[in-house]
Amino acid sequence: MPELPEVETVRRGLQPVLEGSIIEHVETRRPDLRYPFPEKFVDRISGRRIASLGRRAKYLTAHLDGGPVLICHLGMSGSFRVEASAGDRTPGEFHHPRSKDTAHDHVVFHVATQDGEKAQVIFNDPRRFGFMLLSEEATWREHPMLAGLGVEPTGNTLDGDLLSDLFRGRTAPLKAALLDQRLIAGLGNIYVCEALWRAGLSPRRAAGTISAKPGGRSARSDRLAQAVRDVIADAIAAGGSSLRDYVQADGSLGYFQHSFSVYDREGQACKRPGCSGIVQRLVQSGRSTFYCPTCQR
DNA sequence: AAGTGAACCTGAAGGC
DNA sequence: TGCCTTCAGGTTCACT
């Protein structure tokens, strides 16, 4: 579910509450999510102060003073919400856009904030594809689950030249290459579809065909790199996309889904000015792809 | 090696 | 109303 923009939105929502907070107690309400919780999970993080919250690709990281790094993946349906502790509640505070599903509250972090308030940060995940890991501050980027991740599509690292190199020689379709977290880390099904539409490239095109000869330039790889960076930046600015069960950390909704050009728009008109195409859906490696066959080549 | 598809799990939505 | 099928933002693993 959550792709990079949604995870970044969650990070920004949790940051004001969690940074500088003390984790007083942790409840794990079942022995596992996608994987069993790490050994002594509760003991290793209880009593620690959260120095900072970070993100790598679709992973959230909580860096604990003098302790481990808590690494969290939201899977398809994971979300966090924050509740003030009983006694601090004000009427109407729980007017969330969606009724609470406490049956899938799997982890509850009881924290004391910097302001001396008590709060609960609750991880909810109906499908349980999410997971939590612990690593060490010095080496967390080399954790087996994160070691192979590719370049972040944020910032200016990903440019046409790099993308050209990453895709050179690959015969897999662009759709699959963009989803490959070992190449670019953080894109998912929605933003890959959207980036390909923005770049005017077919999701079925072999990835290697946008590459320049080594040392040369390719207009297609320039366009695609820019499209990827733009769509991710735009989605973060909009607070991510809210579909089905996804809600931001503060209970509010992101609104990028109203900006979709192709995703979930099968049968509707292409939004590119001057294009009269109709958005098609196809299945690639078991997942839906949405694109305009008229203007995406 | 690279690429494709199944598996993991639950809930929502649509068809009959 | 109820039952059945299909689909969903992700990742790993097994197989060709």
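Quick caveat, the model's predicted, so the values are computed rather than measured. Just so it is clear, the values below take in all heavy atoms, side chains as well, and ignore hydrogens, waters and symmetry mates.
In this structure, the CZ atom of R281(A) is 12 Å from the P atom of dT6(C), given to the nearest Å. Separating the CZ atom of R182(A) from the C1' atom of dA2(B) is a distance of 8 Å, rounded to the nearest angstrom. The interatomic distance linking L33(A) (CG) with dT12(C) (P) rounds to 15 Å, in whole Å. Counting to the nearest Å, the P atom of dA7(B) and the CZ atom of R127(A) are 15 Å from each other. Following rounding to the nearest Å, I184(A) (CD1) and dG10(C) (P) show an atom-to-atom distance of 14 Å. The CZ-P distance, from R170(A) to dT4(B), rounds to 12 Å in whole Å. Between the CZ atom of R128(A) and the P atom of dA7(B) there is a distance of 18 Å, rounded to whole Å. Following rounding to the nearest Å, F131(A) (CZ) and dC8(B) (C1') show an atom-to-atom distance of 12 Å.
Within the structure, a side-chain polar atom (N or O) of H104(A) is placed less than 4.0 Å from OP1 or OP2 of dG11(B). At the phosphate of dG3(B), OP1 or OP2 sits under 4.0 Å from a side-chain N or O atom of T171(A). OP1 or OP2 of dG11(B) has not a single side-chain nitrogen or oxygen of S77(A) nearer than 4.0 Å. The phosphate of dG9(C) (OP1 or OP2) has no side-chain N or O of K58(A) nearer than 4.0 angstrom.
Out of dT4(B), dG10(C), dA8(C), the shortest distance to the side chain of A176(A) is found at dT4(B). Among the nucleotides dC9(B), dT12(C), dC7(C), the one closest to any side-chain atom of Y35(A) is dT12(C). When distances run from any side-chain atom of F129(A) to the nucleotides dG10(C), dA8(C), dT12(C), the shortest one goes to dG10(C). Taking only side-chain atoms of P126(A), from C-beta outward, the nucleotide of dG3(B), dG11(B), dG10(C) with the closest atom is dG11(B). In this structure, the nucleotide among dT10(B), dC7(C), dG3(B) sitting nearest to the side chain of A172(A) is dG3(B). Distances from the side chain of H73(A) to the nucleotides dT11(C), dT4(B), dC9(B) place dT11(C) closest.
Applying the 3.5 Å distance criterion, the base of dA8(C) shares no donor-acceptor pair with the side chain of R287(A). Residue-to-nucleotide contacts include no donor-acceptor pair under 3.5 Å from the side chain of R34(A) to the base of dT12(C).
Spacing of P atoms, dC3(C) relative to dC9(B), comes out at 24 Å, to the nearest Å.
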(message) Would R30(A) and D32(A) count as a side-chain contact (heavy atoms from CB on, under 4.5 Å) here? Give the steps.
(response) CA-CA 6 Å; R30(A) 47 175 302 128; D32(A) 55 40; 2.9 Å; yes

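Salt bridge status for R81(A) with D105(A): present, with a side-chain N to carboxylate O gap under 4.0 Å. Residues E8(A) and R12(A) are paired through a salt bridge, judged by an N-O separation under 4.0 Å between the basic side chain and the carboxylate.
Within 4.0 Å (heavy atoms only), P144(A) reaches no atom of the nucleic acid at all. Among the atoms of the strands shown, only primed sugar atoms or phosphate atoms (P, OP1, OP2) are found under 4.0 Å from some heavy atom of Q181(A).
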(message) Wobble G-U and Watson-Crick pairs count when both distances are under 3.5 Å; given that, what is the 5' to 3' dot-bracket string of DNA chain C, with | for pairing to other strands?
(response) .|||||||.|||||||

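In this structure, the side chain of E19(A) engages the main chain of L53(A) through a donor-acceptor pair within 3.5 Å. In this structure a side-chain-to-backbone donor-acceptor pair under 3.5 Å is present from K175(A) to S288(A).
Between the SG atom in C72(A) and the CE atom in M132(A) there is a gap of 4.0 Å [rounded to 0.5 Å]. Taking OG from S241(A) and OH from Y263(A), the interatomic distance works out to 9.5 Å, rounded to the nearest 0.5 Å.
Legend: salt bridge (charged side-chain N to carboxylate O under 4.0 Å, His left out) pairs involving residues 142-167 of chain A, not counting sequence neighbours, sorted by first then second residue: R55(A)-E152(A), R56(A)-E152(A), D161(A)-R217(A), D165(A)-R168(A).
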